[in-house]
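Convention: sequence-line order gives letters A, B, ...; per-chain numbering from 1.
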Protein chains: 2
Amino acid sequence: MTGQVRTVDGRVAGRRGQATRQKLLDCLSEMLSSSPYRDVKVIDVARKAGTSPATFYQYFPDVEGAVLEIAEEMAKEGAGLTELVAGRSWVGKSGWQAAEELVEGFLDFWRRNDAILRVVDLGAAEGDKRFYKIRMKILNSVTNSLTDSVKELQAKGKVDKDVSAAAMAGSLVAMLAAVASHQKGFTTWGVKQAELKPNLALLVHLGITGKKPTK
Amino acid sequence: MTGQVRTVDGRVAGRRGQATRQKLLDCLSEMLSSSPYRDVKVIDVARKAGTSPATFYQYFPDVEGAVLEIAEEMAKEGAGLTELVAGRSWVGKSGWQAAEELVEGFLDFWRRNDAILRVVDLGAAEGDKRFYKIRMKILNSVTNSLTDSVKELQAKGKVDKDVSAAAMAGSLVAMLAAVASHQKGFTTWGVKQAELKPNLALLVHLGITGKKPTK
DNA sequence: ACTTGTCCTGTCATGCCGTCAGCTTACCGA
DNA sequence: TCGGTAAGCTGACGGCATGACAGGACAAGT
């Protein structure tokens, strides 16, 4: 069921093959960090991996296909972001702490994977369903948990009923993703990392609970 | 000062030349809407414009260069977004109205220019200063006005002093931009446009004033 | 008609794309 | 030890995009 790794022409990849494949993915990953997506060429990736373009095409249909593999891998890791929200309390001091840790964890994940996430974002915005699905997988892990938190607070009467839990959670997560993508931008702008995070946490807290946090 | 339109090799473009140039830009714009950025080729743009690749290179150094021109044009229009915030009152019912109109105007602008904004976003995220500058120009028009609004409220003691006005404004604007980029995504997700906007307005209001709006 | 400067394109060298046939290497059973 | 088989890799090739140039077409003024 797991599906063995296969080459484009249907052969099953053995040890050596998988190593080569992985090396190509690693090199591609590096290239994405150092040069514009538009300029990443198959031949450069192959050269960097010490192999030939033909070998690349044996494992991936094209650059986009290989990028999807990397993104899929990252999405698996990203599913763990649920931990940042699941089972957290949003009242009192622990609420503020939850917001802070969510911001911290999210920004960190984005910073670690910024190169590939840029491309995923672009693909999703362009309407490519495969990229869109991956983006959803990552964001959903957080959004769904947040949506539940809002609904719970609504059930207790602590949050207005006319708030759409899903829309609110989605907007907040989109905000976190956007700010994370342009972190460097903020610093050039004159906003320091140190003051950015508390403000994001404040917004998250306001959005979820509708109230100012008690720190 | 304005600088006449010039070809790559330094000649000044006359009437006919400018028309051709503009046609190339229009066709490029269209192509960006219909196909992935990575796949937009000079030859396709030229063909669509009923001319040859050589002509394209007479006016632009490459695809990226032409995209920058389009983006610059859009940025001029985007500067008008300031109107959505400047001189608005954030107290009482007019505060809620201000938030609603900001969201409406911003999302609309983004929807009208989504194809080119995708590319600008990517370029900026990749660290290209030219794209970054254009993005700033657009966002600044809103962010600066919002920052002023927050500072004003702080001076009146209506907002906590420990809020960084710039960070708050920047985060809110980043959120709007992100949600706008993935508007289609939200609908697939089960969130309707109709419930998305009020929630965004609510978040904006909460962020700026720290309080729930009076509708 | 002639001149001048703008505008467009045919052509060419270069380099990447994507595919194939065929060679080498590793594994395995007899 | 010795084939046999499948995995793994690459050289080479037609095709296409790139980017540069020089020369021809065109419009406008004299």
Between B:Thr51 and C:dT9, is there a side-chain N or O to OP1/OP2 distance below 4.0 Å?
yes
Distance check: side-chain N/O of A:Ser52 vs OP1/OP2 of D:dC9, anything under 4.0 Å?
no
State whether B:Asp44 and B:Arg47 are salt-bridged, where the test is any N-O pair (Lys NZ or Arg NE/NH1/NH2 against Asp/Glu carboxylate O) under 4.0 Å.
yes
Atom NZ of A:Lys48 and atom P of C:dC16: how far apart are they, to the nearest Å?
16 Å
Lys/Arg N to Asp/Glu carboxylate O, A:Arg112 vs A:Asp108, below 4.0 Å:
yes
Given D:dC9, D:dC21, D:dT18, which nucleotide is nearest the side-chain atoms of B:Val42?
D:dT18
Quick one: A:Arg15 CZ to C:dC27 P, roughly how many Å, whole number?
8 Å
Return the value, rounded to whole Å, for the distance between atom CG of A:Asp9 and atom P of D:dG8.
10 Å
When we call it a touch if two heavy atoms are under 4.0 Å apart, what does B:Phe56 touch: a base, just sugar-phosphate, or nothing?
nothing
B:Val8 or B:Arg47: which one's nearest nucleotide on DNA chain D is closer to the 5' end?
B:Arg47
Gap between atoms CG and P, on B:Asp39 and D:dT18 respectively (whole Å):
12 Å
Among D:dT18, C:dC17, C:dC8, the one nearest any side-chain atom of B:Tyr59 is C:dC8
Go nucleotide by nucleotide along DNA chain C from the 5' end; which of B:Thr55 and A:Pro53 gets its closest nucleotide reached first?
B:Thr55
Between C:dC7, C:dT9, C:dA26, which nucleotide gets closest to the side-chain atoms of A:Arg16?
C:dA26
Considering only heavy side-chain atoms of B:Gln58, the closest of C:dT25, C:dT9, D:dC26 is C:dT9
Picking from D:dA7, D:dC26, C:dC20, the nucleotide nearest the side-chain atoms of A:Val12 would be D:dA7
Just to be sure I understand the rule, does B:Thr7 reach a base, reach only the sugar-phosphate, or reach nothing, if contact means heavy atoms closer than 4.0 Å?
nothing
Whole-Å gap separating P (C:dC7) and CZ (B:Phe60):
13 Å
Kindly point out which of C:dC7, C:dC16, C:dT19 is positioned nearest to the side chain of A:Tyr57?
C:dT19
Of all the nucleotides listed (D:dA17, C:dC17, D:dT10), which has the minimum atom distance to the side chain of A:Ile43?
C:dC17
Trace of the salt bridge (charged side-chain N to carboxylate O under 4.0 Å, His left out) decision for B:Glu100 with B:Lys197
CA-CA 7 Å; B:Glu100 271 189 314; B:Lys197 285 181 187 173; over 6 Å; no
For the residue pair B:Phe60 and B:Phe56, categorise the inter-ring angle as parallel (less than 30°), tilted (30 to 60°) or perpendicular (more than 60°).
tilted
Rounding to an integer number of Å, can you tell me how far A:Asp44 CG sits from C:dG15 C1'?
11 Å
Is it true that A:Glu64 and B:Arg38 have a side-chain N and a carboxylate O under 4.0 angstrom from each other?
no
Starting at CG of B:Leu24 and ending at C1' of C:dC7, how long is that distance when rounded to a whole Å?
12 Å
Distance in angstrom units between B:Gln22 CD and C:dC7 C1', rounded:
17 Å
